[in-house]
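Notes follow once the structure below has been shown.
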Protein chains: 2
Amino acid sequence: MDGASRQAPQRAREDGPARRDPEGVRRDILAAAGAVFAEKGLSGARIDEIAARTRTSKRMIYYYFGDKEGLYRACLEAAYEQVRRGEEELDLAGLPPETALARLVAFTFDHHRRHPDFIRMVMVENIHDARHLRGAASARSLNRPAIDRLRDILERGRRAGVFRPDIDPLELHWLISALAVFNVSNRATFSTLFGDALFDEAGQARLRERAVEMVLALVRIPQEHR
Amino acid sequence: MDGASRQAPQRAREDGPARRDPEGVRRDILAAAGAVFAEKGLSGARIDEIAARTRTSKRMIYYYFGDKEGLYRACLEAAYEQVRRGEEELDLAGLPPETALARLVAFTFDHHRRHPDFIRMVMVENIHDARHLRGAASARSLNRPAIDRLRDILERGRRAGVFRPDIDPLELHWLISALAVFNVSNRATFSTLFGDALFDEAGQARLRERAVEMVLALVRIPQEHR
DNA sequence: GACGGAATGTACGAAACGGTTCAAACATGC
DNA sequence: GCATGTTTGAACCGTTTCGTACATTCCGTC
């Protein structure tokens, strides 16, 4: 073949001699499969279609991932990892609790909106009763920090006398997730039934604002009680 | 065709074989198909499995519904119809606006919880970008009353001076739906990642209470501004 | 410069699946 | 009771689809 494609193993040779580019092939497959699974679901996805969207062949899918479910599991874990890692960008340290919470809600809203394929994978997985996620121990530990972050904010707010003391961080996470996830997961049916006024830029900005207001209104101690 | 004189056949003989019963057969198929589609999705569902859960045969499915997609569409419409009809039970007339809104939120929360198969159908449909729902004109008209009900409550609250005037009923419906739907649609992944403390009876009662608080806190004019 | 294991391409098999054929059984109008 | 169109069951058909067998290429090492 040509010599140009040969220099592919461009990664610095750390421990192993990267011959052809197994890691790259894996990533390539994972990206293609992730897109197709998100679009069509587990049973709706066709291995041949995934292979076609790849720079490599169907044979490689089975070589690296065993079977369709193995590939799906790998996609699921990769999706969680990518999205949760993206959340680490958010730095709330030093902000006053109310500002921190407002920023967290707004960020979560936008973050989910930026990752519709992740949301679709989660929906697909819920259709399957989270059967595949259950095996992934990584996912559990990957998600715990979200709760910790909230607990911290709530605690700081409580100490500052601006937040109610009876709000459970897990409940709050549930509430915030509900808004941020629903916005993406049910966009198609919602806009079909009620029009898409809520889903253009202005509408989304308003919804995000409402979400922030709503969470803060729940958590705050009303002025007259302070 | 005549509507009245045709429904005779299955009536009298309860335990007899009721040979000809088109309407009954249709309902039977729809029920079985609804369950399977909700469980496995459109592409995951197997016509043979649906047929097996039926008192009749695969042949009848094609006789009555044409093909798999036709059957799916019929299930989708039936699901929306059944659930929206169930919402008509709720009577809020005469209640003060705050009470009415609180009751509406609590009812919506419980109602969705009682109909997980409907939620699953909606999820499946969202995976398909609402392609099949788009054709169903009935669904659109079926859902409009939900907005009207909210508009009415908001308007009454505004006139009574207890609700903010800048809340759009559509936005509010979005918010309420997000909480009620997410609670069912993402239960599997959420409880896998964070435990199922929120999903036993006590947990669900707490979540419902939070949802009510949250919506009311958003819509109310704060005491000190009245 | 041949060896051996890892990586890749090709082509195919077996089962699953959606959908159809054919004819028999049936209710109902005449 | 008979003719007629409707309703049903069982076997069947052509494709699609997952997965694999086998051949081949690549590359570090001896």
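Side chains included, hydrogens not; waters and symmetry mates left out as well; all remaining heavy atoms used. Every chain is numbered from 1, with letters handed out A, B, ... down the list of sequences. Keep in mind it's a predicted model, so treat the numbers as computed, not measured.
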query = Expressed in angstrom and rounded to an integer, what is the separation of R26(B) atom CZ from dT7(D) atom P?
reply = 12 Å
key: Presence of salt bridge, E77(A) and R73(A), under 4.0 angstrom   = no
remark   = From the candidates dG19(D), dT10(C), dG9(D), the one with an atom nearest any side-chain atom of S57(A) is dT10(C)
request  = Would you please say whether a donor-acceptor pair under 3.5 Å links the side chains of N183(A) and Q204(A)?
outcome  = yes
task = Starting at atom CD of E69(B), determine the distance to atom P of dC17(C), rounded to an integer number of angstrom.
result = 17 Å
query = Got a donor-acceptor pair under 3.5 Å from the side chain of K58(A) to the base of dG19(D)?
reply = yes
request  = Looking at every strand, decide which applies to A45(B) at a 4.0 Å heavy-atom threshold: base, sugar-phosphate, or nothing.
outcome  = sugar-phosphate
key: Nearest-Å distance for atom pair CD1/C1', residues I47(A) and dA16(C)   = 15 Å
key: Spacing between Y62(B) atom OH and dA10(D) atom C1', to the nearest angstrom   = 15 Å
Short side-chain donor-acceptor distance under 3.5 Å, N143(B) and R84(B) = yes
Any donor-acceptor N or O pair under 3.5 Å, side chains N126(A), T189(B) = yes
message = Tell me the interatomic distance from M60(B), atom CE, to dT20(C), atom C1', rounded to whole angstroms.
response = 13 Å
task = Answer yes or no: does a side-chain N or O of Y64(A) lie under 4.0 Å from OP1 or OP2 of dT8(C)?
result = yes
task = Could you state the atom-to-atom distance from CD1 of I50(B) to P of dA16(C) in whole Å?
result = 18 Å
key: Whole angstrom value for the distance that separates P of dG19(D) from CZ of F65(A)   = 14 Å
remark   = Nearest-nucleotide check on DNA chain D, R59(A) vs D48(A); residue mapping nearer the 5' end is D48(A)
inquiry  = Please tell me whether Y80(B) and E125(B) have a donor and an acceptor in their side chains that are separated by less than 3.5 angstrom.
reply    = no
ask   = Reckon T56(A) has a side-chain N or O less than 4.0 Å from the OP1 or OP2 of dG9(C)?
value = yes
key: Rounded distance in Å - OH (Y63(A)) to P (dA21(D))   = 15 Å
